[in-house]
Amino acid sequence: MAKKDRIKKKHDDGILHGLAGSLEEAFGEDTSEIQQDDIIVVDVPEKKGNGKGKKTLFFIAGLTVIIFAILGIISTVLTLSGAISDIANQTPLKNELTLYLYPIVATDPPSFEKAENLTSPSIIKAAISRIRLTGDMSKYQSEDGLIYIPEFDVETNAKSIFGGSIQFEHRTVGHIDDLATYIPDKKAYAVADMQLIPNYSLKITELSNIGETYTVTVDYYPPAVEIPGLNKEPESAKTMIYTIVKSGDKKTITSLKMVEGDGGLYGDGQEH
């Protein structure tokens, strides 16, 4: 062994011997067995709980995903059920036809087997009702509480409702609230600048079709005054069956008949 290494070893042994002596004095134990190369192993308690905490978090996350998945499935099922129900009940078509028939039902036209058999007053009232209830009245000239509807617009709406083969003569029709005075010089109808009160509202109860021809059963309901605490479920005043030819957005009423046994606002369902 080199002289330098022997000196270093003696130095280290001296330090170790001194350290052992100090330990013996401090703890009163024999430290003679402690060697330079001995390794003191300290048993550090393992931290517990980390693994369990992670498992809990994973469980909660997984449960949340499952819950949202179930909610998504339920929502999808309900949406599909509603869509299927609408298809089965033909709800969109009923809504479309209700809007189309509303201004016609409002005037309570009489029964007819062919539109060509309708009288001029029935045709004019239906056309003007359609304009007043679903059209843009602001575009027409108004003066002294009256609005002037051009006869051309009346003709256009009449043929849109009953078909292009109908013919009628322009004349004054209606009574008081629904009065439409024909003015030949203006080639227009003067109507009151106020809301039109319909004779009836409607509800479609049955709907069937063969190709483009639809048979529509309609319950008529008269205007009702709402009295808090005294109102009852409205009852149908009468039931009418419309035959409508529908091609795309174009619709034409080809016939109208009353269900046997029903009367109506005017009793016999005839023109008034």
Side-chain angles (χ1 to χ4, degrees), residues 90 93-135 149-175 178-180 182 187 189 196 198-222 236-272:
Q90 296 180 295
L93 181 57
K94 283 183 179 179
N95 291 339
E96 179 185 343
L97 292 174
T98 296
L99 181 61
Y100 171 73
L101 288 174
Y102 172 59
I104 293 89
V105 170
T107 65
D108 189 24
S111 299
F112 59 90
E113 293 183 358
K114 294 181 179 180
E116 290 85 347
N117 297 336
L118 277 170
T119 61
S120 294
S122 294
I123 295 172
I124 295 169
K125 282 192 291 184
I128 291 179
S129 175
R130 187 186 194 195
I131 293 170
R132 294 184 69 179
L133 291 175
T134 63
I149 303 174
E151 65 176 36
F152 175 78
D153 285 8
V154 175
E155 292 173 1
T156 300
N157 278 272
K159 291 182 179 180
S160 177
I161 297 169
F162 299 112
S165 61
I166 61 168
Q167 294 183 358
F168 63 95
E169 295 179 0
H170 291 287
R171 64 177 66 179
T172 297
V173 298
H175 307 278
D178 67 342
L179 179 64
Y182 180 62
K187 292 187 178 297
Y189 286 84
L196 179 65
N199 291 328
Y200 289 105
S201 59
L202 75 145
K203 180 180 180 181
I204 296 176
T205 56
E206 294 182 27
L207 177 61
S208 61
N209 71 291
I210 299 176
E212 294 183 338
T213 301
Y214 289 78
T215 301
V216 187
T217 303
V218 178
D219 279 352
Y220 281 45
Y221 294 89
S236 170
K238 65 177 180 178
T239 302
M240 304 290 286
I241 298 177
Y242 285 79
T243 303
I244 300 173
V245 174
K246 182 179 183 299
S247 179
D249 293 333
K250 183 179 179 181
K251 307 174 190 67
T252 304
I253 299 173
T254 58
S255 70
L256 174 61
K257 67 178 181 180
M258 182 184 295
V259 173
E260 188 174 351
D262 280 339
L265 186 65
Y266 295 90
D268 55 4
Q270 298 300 310
E271 186 177 347
H272 42 273

For the residue pair [X] and [Y], what are the closest heavy atoms and their distance?
{"X": "I124", "Y": "R171", "answer": "CD1-N, 3.8 Å"}
{"X": "L256", "Y": "P110", "answer": "CD2-O, 3.5 Å"}
{"X": "I123", "Y": "F162", "answer": "CA-CE1, 4.1 Å"}
{"X": "S255", "Y": "T243", "answer": "OG-OG1, 2.9 Å"}
{"X": "I128", "Y": "A180", "answer": "CD1-CB, 3.4 Å"}
{"X": "M240", "Y": "S111", "answer": "CE-OG, 3.8 Å"}

(message) Restricting to ring pair (Phe, Tyr, Trp, His ring centres under 6.0 Å), what partner residues turn up for F168, sequence neighbours left out?
(response) H170

Does [X] reach the main-chain N or O of [Y] with its side chain, forming a donor-acceptor pair under 3.5 Å?
{"X": "S160", "Y": "T156", "result": "no"}
{"X": "Y200", "Y": "D219", "result": "no"}
{"X": "S129", "Y": "P103", "result": "yes"}
{"X": "T217", "Y": "I241", "result": "no"}
{"X": "D178", "Y": "H175", "result": "yes"}

(message) Using side chain to side chain contact (heavy atoms under 4.5 Å, CB included), reason through D153 and Y189 one step at a time and then give a plain yes or no.
(response) CA-CA 10 Å; D153 285 8; Y189 286 84; over 6 Å; no

So do the side chains of [X] and [Y] get within less than 4.5 Å of each other, counting heavy atoms only?
{"X": "K125", "Y": "P109", "answer": "no"}
{"X": "T172", "Y": "L179", "answer": "yes"}
{"X": "E212", "Y": "K246", "answer": "no"}

Look up atom [atom1] in [X] and atom [atom2] in [Y], then write down how far apart they are to the nearest 0.5 Å.
{"X": "L99", "Y": "L133", "atom1": "CG", "atom2": "CG", "value": "10.5 Å"}
{"X": "I161", "Y": "R130", "atom1": "CD1", "atom2": "CZ", "value": "5.0 Å"}
{"X": "I166", "Y": "L118", "atom1": "CD1", "atom2": "CG", "value": "7.5 Å"}
{"X": "L93", "Y": "T98", "atom1": "CG", "atom2": "OG1", "value": "9.0 Å"}
{"X": "T134", "Y": "Y102", "atom1": "OG1", "atom2": "OH", "value": "10.0 Å"}
{"X": "K251", "Y": "L101", "atom1": "NZ", "atom2": "CG", "value": "9.0 Å"}

(request) Kindly assign one of parallel, tilted or perpendicular to the pair Y242 and Y220, based on the angle between their ring planes and the thresholds 30° and 60°. (result)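 Ring orientation of Y242 relative to Y220: parallel.
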
(message) Taking side chain to side chain donor-acceptor pair (under 3.5 Å) as the definition, give me every residue that meets it alongside E116, ordered by chain and number, with sequence neighbours left out.
(response)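 E116: side chain to side chain donor-acceptor pair (under 3.5 Å) contacts with S165.
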
(request) Might you work through the side chain to side chain contact (heavy atoms under 4.5 Å, CB included) test for S208 and Y214, ending with a clear yes or no? (result) CA-CA 6 Å; S208 61; Y214 289 78; over 6 Å; no

